[in-house]
Asks: 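Just passing along the structure, written as structure tokens.
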Amino acid sequence: RTFGPRIEALVAYLQHVQHISYERLQQLMAQVFGLDISQGAIANMVRRLAENLQPQAERIRESIRASPVIGCDETGARVDGNNRWQWVFETPQASYHVIADSRGSRVIEGVLGDAKPQVWVSDCFTAQMKAPAQRRQLCMAHQLRDLQYGVDAERCRFCYRMQQLFKRAMRLNACRDELPEDLFAAQVQRIEAACNDLLDAEATGENGRRLQKRYRKHRDSLFTFLHREDVPADNNASERALRKPVVHRKVTGGFRSTWGAEAYATVATVLQTARKHGHDALETLTDALGPCIDHNLLLQPP
């Protein structure tokens, strides 16, 4: 080990958090700090960091598995010139990332094992709908966008009315704490009844009929958030968790190797979870790489 933990933590911070590629990072360390660090040495630093963080990442995975409500999303990744998928599994207390060669449900099964969450929050992608959950919540943000297309493209009455109903449900959920329980419950019943009426009526237009078919199929997954306070109305938290990985992919061009992708997923898991608990990213990386020398000790007389 040539460099101390602070230097290694800084290199990892610049690479993972600020999305600086190995080549540019090598130049930056030389020009700004006067440190001659090869790209191979940077790779070794990243590998060592990921190895140190792996036990924490496994504990985070276990906390995700134990959560009653889990959000999930996926986005594209590039590994050694090939298309891969980066998945995130999200709770208010933790984020768990994994980069896999599949967009199928077996990735979810691999992360969850024998765990069966009470509620799964996601979009309508086929693999997500196969998650072994007792109940589901479709992301309202996705549905509003799909319905808006039906309004714009076909002036579809069903799409407009369903969109307004979803917005009404989200407004009601936002002021849940301000309403008496009986009044809130009565409003939920009205929303459920209005939804049933819309699904019973015949929709017009290709998009209207397609979306009506979707909501008939997933009727029980539309308003779970109104019946449970711990369930969000959308999957925005998972989408936010994937924004930095998307930026990293676009800036760096992807990962050169499988181990590099796995290392990035491990670091992203720990840093995003640490942030949720109010911990600084650079301090988290420094702690993971080992204690620094206390320079006050060097001033003590023998």
Asks: Go through the side-chain N and O atoms of Gln164 and Arg168 and say whether any donor and acceptor fall under 3.5 Å apart.
Replies: no
Asks: Would you call Glu90 and Lys276 a salt bridge, taking side-chain N to carboxylate O under 4.0 Å as the test?
Replies: yes
Asks: Answer with yes or no whether the side chains of Asp152 and Gln148 bring together a donor and an acceptor at under 3.5 Å.
Replies: yes
Asks: Considering residues, nucleotides and ligands other than Arg84, do more than 12 of their heavy atoms fall under 6.0 Å from its CZ?
Replies: yes
Asks: Side chains of Gln118 and Arg228: do they bring a donor and an acceptor to under 3.5 Å?
Replies: yes
Asks: Going hydrophobic residue to hydrophobic residue with side-chain gaps under 4.5 angstrom, can you get from Val247 over to Tyr13?
Replies: no
Asks: Please, which pairs that meet ring-ring contact (aromatic ring centres under 6.0 Å, His included) have at least one residue in residues 78-104, sequence neighbours excluded?
Replies: none
Asks: For the pair Glu62 and Arg65, find out whether any cationic side-chain nitrogen is under 4.0 Å from an anionic carboxylate oxygen.
Replies: yes
Asks: Taking atom types as modelled, is there a side-chain donor on Arg136 or Gln128 under 3.5 Å from an acceptor on the other?
Replies: no
Asks: Do Met129 and Leu112 share a hydrophobic cluster (ILVMFWY, side-chain heavy atoms under 4.5 Å, transitive)?
Replies: no
Asks: Quick one about Arg47 and Asn44 (side-chain donor to acceptor, distance below 3.5 Å, no hydrogens or angles considered), yes or no?
Replies: no
Asks: Nearest heavy-atom pair of Gly104 and Ala127: which atoms, and what distance?
Replies: C-CB, 3.8 Å
Asks: Do the charged groups of Asp73 and Arg240 touch, with an N to O distance under 4.0 Å?
Replies: no
Asks: Applying ring-ring contact (aromatic ring centres under 6.0 Å, His included) as the test, list every pair that has at least one member in residues 175-234; sequence neighbours left out.
Replies: Phe166-Tyr215, Phe166-Phe223
Asks: Knowing that exactly one of Gln26, Met45, His16, Arg6 qualifies, which makes a side-chain contact (heavy atoms from CB on, under 4.5 Å) with Val11?
Replies: Met45
